[in-house]
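A short write-up of the structure that comes next.
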There are 2 protein chains.
Amino acid sequence: MAKTDSKPSEELILNAAVKVFTRKGYSGARMEEIAKEAGINRALLHYYFRDKETMFNIIFETKFKEFFTGIFGAFQSDVPFLEKIKSIVDHEITVLTKHPGLARFVIMEIAQQPDRLIQFGQKLGLNPRTMLKHFQKEVQQNVQQGEIRPIDGRQLLMNIISICIYPFVAKPIIKTMMQMDENTFMDLMEKRKNDAYEFIINAIRP
Amino acid sequence: MAKTDSKPSEELILNAAVKVFTRKGYSGARMEEIAKEAGINRALLHYYFRDKETMFNIIFETKFKEFFTGIFGAFQSDVPFLEKIKSIVDHEITVLTKHPGLARFVIMEIAQQPDRLIQFGQKLGLNPRTMLKHFQKEVQQNVQQGEIRPIDGRQLLMNIISICIYPFVAKPIIKTMMQMDENTFMDLMEKRKNDAYEFIINAIRP
DNA sequence: TAATTGTTTAACAAAATTGTTAACATGGCA
DNA sequence: TGCCATGTTAACAATTTTGTTAAACAATTA
């Protein structure tokens, strides 16, 4: 069994597939293009991963996990509310800067087939609803204690997530309109970690 | 020439095509599905609109226009800054509520082929860069006059746009996670017109 | 009404994309 | 070395999707 030799090829193929699938989406991706990207014959894709769908599911599960643990990760920590927001924003922008195309890919494929959210969500054992309830309760408490202005927890959550994620989803538009190259964009996102945080804090501080 | 009779069919087909293209994107859309949606034979699609690409371009141009005039429209008006923000938010959310799937479609297709932004932008004679410069200058002036806190105009613009657009892009995710049906979601967006505005105002008011 | 023009369809053809097979290559090991 | 298992490929087959054609149909007009 030359398993040690096979592994690199599998990795190689998966990396190529990730590139193509995240750029083009499931329906836009071509097996031929993945093979070319990996520098191998198309038949090998089927040798390692039965078919396109199987391949896609493996990649989607990985990306789904990256994206949602990226989102939910920082929500769990048990620190004061404003600090938590700081770490959510920071964490989120960091993850998305490292994985270009991640957010757009996951959102698009879920929009195409919303049941994947349930399907893969359960598979990975993450429970957005518990998280949501918890967040809402935390907002209510902080409102009652006068720590923050009165605000609907759902709206606040949407605001935070929007501010963090949207710039990456619309990156090609933003880059073109603001005439930025990749590095300038990344600098802007780096600064955004603080700018976005302060924006949010100012919005909710009494 | 029975042009009067032909028009309804063209409209019928275009409406069907809009539905399918905005749901599935260019590569996911199937001519067969469009024909079925319109209740006609596939060959008719080619009779009216040479091929898939031609058809797509017509629809994309329409949607592109809807989306960007939706965005830029309210930026033009000559009212005090905070009022302008009010009308931008209101206008934006109204447009996107009326056209479900619009934002996701346009963003995705531009991400797939960013030069379409230049191509169609010029074709429609809209100049995002002038708009951007103008907005930035306005922010600077208001900062200097102490009307709003110091803030990078680009970040503020991204924040406003993000808060307005992202919930619609991620609608399937939000609906599922928050267990909302279509009407509940629309109610939430209706409330959001004010909530988002107040959030932004509080964030920038000294 | 017959001719003419435009509309619609079924059947066909072509192209693109995915999936399979059988033969060949290679590296480890009896 | 020569066999065996796995990795790799080219060629082929099947399927899906797009595009075309010729004929039927409908409506308008002369």
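Just the heavy atoms: all of them, side chains too, but no hydrogens, waters or symmetry mates, feed the values below.
Listed by chain and number, the residues in a side-chain hydrogen bond (donor to acceptor under 3.5 Å, both in side chains) with A:Thr54 are A:Asp51 (sequence neighbours excluded). Listed by chain and number, the residues in a ring-ring contact (aromatic ring centres under 6.0 Å, His included) with B:Phe72 are B:Phe68 (sequence neighbours excluded). Scored by the side-chain hydrogen bond (donor to acceptor under 3.5 Å, both in side chains) test, A:Lys65 finds no partners at all (sequence neighbours excluded). With sequence neighbours left out, A:Glu53 forms a side-chain hydrogen bond (donor to acceptor under 3.5 Å, both in side chains) with no residue at all. By the ring-ring contact (aromatic ring centres under 6.0 Å, His included) test, A:Phe75 pairs with A:Phe135, sequence neighbours left out. Qualifying side-chain hydrogen bond (donor to acceptor under 3.5 Å, both in side chains) partners for A:Arg154, counting only residues two or more places apart in sequence or in other chains: A:Asp152.
Residues of residues 54-63 of chain A that place a heavy atom closer than 4.0 Å to DNA chain D do not occur.
Phosphate proximity of C:dT7 to B:Ser9: absent, as no side-chain N or O sits under 4.0 Å from OP1 or OP2. Between B:Tyr48 and C:dT8 there is a side-chain N or O to OP1 or OP2 distance below 4.0 Å.
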Can you give the donor-acceptor pairs under 3.5 Å from side chains of residues 28-35 of chain B to other protein atoms, not counting sequence neighbours?
unit_1, atom_1, unit_2, atom_2, d
B:Arg30, NH1, B:Ser27, O, 3.1
B:Glu33, OE1, B:Lys24, NZ, 3.0
B:Glu33, OE2, B:Lys24, NZ, 3.3

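Note: CG (A:Leu44) to P (D:dT8) measures 5 Å, nearest angstrom. The distance between atom CD1 of B:Ile34 and atom C1' of D:dT18, rounded to the nearest whole Å, is 12 Å. Separating the CD atom of B:Glu33 from the C1' atom of D:dT17 is a distance of 13 Å, rounded to the nearest angstrom.
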Just by protein heavy atoms under 4.0 Å, how would nucleotides 16-21 of chain C read 5' to 3' in B, S and -?
-> -SBBBB

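With B:Tyr48 as the fixed residue, the side-chain contact (heavy atoms from CB on, under 4.5 Å) test singles out one of B:Leu12, B:Ile13, B:Leu14: B:Ile13.
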